[in-house]
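Notes to accompany the following structure.
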Number of protein chains: 2
Amino acid sequence: MRIGELAARTGVSAKTIRYYEDIGLLPPPEREPNGYRDYGEDAVDRLRFIRDAQATGLTLTEIASILELREEGQPTCEHVAELLEQHLKDLDVQIATLQATRDHLATLTERARRLDPATCTDPVRCQTIAEATDLRVARRVAQPQAHRHS
Amino acid sequence: MRIGELAARTGVSAKTIRYYEDIGLLPPPEREPNGYRDYGEDAVDRLRFIRDAQATGLTLTEIASILELREEGQPTCEHVAELLEQHLKDLDVQIATLQATRDHLATLTERARRLDPATCTDPVRCQTIAEATDLRVARRVAQPQAHRHS
DNA sequence: CTACACCTTCCATCCGGCTGGAATGTCAAG
DNA sequence: CTTGACATTCCAGCCGGATGGAAGGTGTAG
C-alpha cells in the first residue's frame, strides 16, 4: 500500500511516517517503479505498536531499540533488556500514580461540578484548554482504526 | 524557605521553579528584603501535585487551570470541569492501555533475557539508551522526597 | 491536454519543557 | 576584606516530536 493508505489506516500522518523512517523507526519500504513508497501489512502493525509503546512513555529512540530486538530476534544489546525491565517497573509505578491522581482529580471534578458554571470570565483561556484537551486525546489514545480524518 | 531548599525538597530544580513561576504555574512568592524568593510549605505540596499531574499526561497549561480551580474554590470556567472529566476518562483508557502494553513488553523482555547478552555490537546506542532511561525515570517518576541530587 | 489527488525531497519552523550561562547582588564564615 | 555558596534577571539554546510549505514528479479521469 502507499503512504496515504497507511496513514489512513493507522491515523499517523504521512508526514510523520516519513519522519519515522528518517529517524530509523520504520525500515525504508520498497519503492514502486515511480519511487512511491510501497508498504506491506506489517507496517500497520509496526505503527500501531509504536503508538502504543509511545503511550506508555517510551521515547521514539527507545522504541526503535525494542523494534530492533523484536524483528531480529537478536539481543542488540544487554541494555535493551535492561531498558525493558526498567520500563516495566516504571509502568507499575506510573499506573499506581495514575490511579492515585485519578482519585485526586475526581474530587476536584466533583467540586467543579457543584459550582456555578456561568461565571466563565476568561474565554480565551477556556478555548485554549478545550483545544489542548482535543490535542491530548488525539495524540495519546491509541486509535483502533477509525478516526476523524481531515 | 528559599528556592534552593524548595528545589532540594521537591526534586525540581531552582531553574525549573522560576520557569514555572514565569508561566504562571506557581504564584509569585513573597520576597525577602534582599529580593530572594521566600516560599511557604504549600509550595512543596503544589510542586508535588504538579509533578503527579504531569505524570498523568496533563500539560503544564492544563495543570495551571486545575490549580486555579483548586486554590480559588471557584469555577474559572466550565471547560475546566470538562477538561477534568475528560481527563479522567483518558486516564482510565490510558491505564488499561498501559496494562496491555506492559504485558506485551513483558513478553519481549523475557525473550530478551533468554538470548545471549554478549553480542552487544553498538555501544553508542546502548549508551544513549542508558542515558535516556535515566532521564525518563528522573523526569517522570514522582519523587517522594529522596533523590539523587547532583 | 489539463486538472487533480497523490506522491517525492528538502529545509524551515513550531511547541512544550526545560537548561546553560553571563552578569550581577547578598551575606555568613574564615 | 575576600571567598564561596547561594540568589537575581535575562536571553539564548537544546531536545523530542513533529508540522508547514515550496518545488516538483506521476497517473488516472474527463
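All heavy atoms count here, side chains included; hydrogens, waters and symmetry mates do not. Protein chains get the first letters and strands the later ones, always in sequence-line order, with residue 1 at the start of each.
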Whole-Å gap separating P (dT8(D)) and CG (Leu6(B)): 11 Å
Any side-chain N or O of Tyr20(B) below 4.0 angstrom from OP1/OP2 of dG17(C)? no
Using whole Å, what does the distance between atom P of nucleotide dG27(D) and atom CZ of Arg2(A) come to? 8 Å
Contact summary for Ile63(B) and Ile50(B), nearest pair of heavy atoms: CD1-O, 3.8 Å
Hey, does the side chain of Thr16(B) come within less than 4.0 Å of dT19(C)'s phosphate (OP1/OP2), counting only N and O? yes
Ala7(B) and Ser13(B): which non-hydrogen atoms are nearest, and at how many Å? CB-C, 4.1 Å
Output yes when a side-chain donor or acceptor of Asp38(A) lies under 3.5 Å from a complementary backbone atom of Met1(A), and no otherwise. yes
Applying a 4.0 Å non-hydrogen cut-off, can you work out what Leu60(B) is touching in the nucleic acid: base, sugar-phosphate, or nothing? sugar-phosphate
What's the shortest heavy-atom distance between Leu60(A) and Tyr19(A), and which atoms? CD1-CE2, 4.1 Å
Do any side-chain nitrogens or oxygens of Thr61(B) fall under 4.0 Å of OP1 or OP2 in dG16(C)? no
Just to confirm, is there a sub-4.0 Å distance from OP1 or OP2 of dC6(D) to any side-chain nitrogen or oxygen of Arg37(B)? no
How close or far is atom C1' of dA5(C) from atom CG of Asn34(A), stated in whole angstroms? 14 Å
In whole Å, I'd like the distance from the CD atom of Glu32(B) to the P atom of dC6(D). 14 Å
Less than 4.5 Å apart, side chain to side chain, heavy atoms only: is that true for Arg51(B) and Gln54(B)? yes
When you measure from the side chain of Tyr36(A), which nucleotide among dT9(C), dC7(C), dG17(D) comes out closest? dC7(C)
Looking across every strand, which nucleic acid part, if any, lies under 4.0 Å from Ile23(B) by heavy atom: base, sugar-phosphate, or nothing? nothing
When the distance from CZ of Arg31(A) to P of dG25(D) is rounded to whole Å, what number comes out? 16 Å
Can you tell me how far C1' of dA18(D) sits from CD1 of Ile17(A), to the nearest Å? 13 Å
Side-chain N,O (Ser13(A)) to OP1/OP2 (dT19(D)) below 4.0 Å: yes
Whole-Å gap separating P (dA7(D)) and CD (Glu30(B)): 17 Å
Rounding to an integer number of Å, can you tell me how far Leu25(B) CG sits from dG16(C) C1'? 13 Å
Ignoring backbone atoms, test whether Arg18(B) places a side-chain nitrogen or oxygen under 4.0 Å from the OP1 or OP2 oxygen of dT8(D). yes
Lys15(B) vs Tyr19(A), nearer the 5' end of DNA chain D by closest nucleotide: Lys15(B)
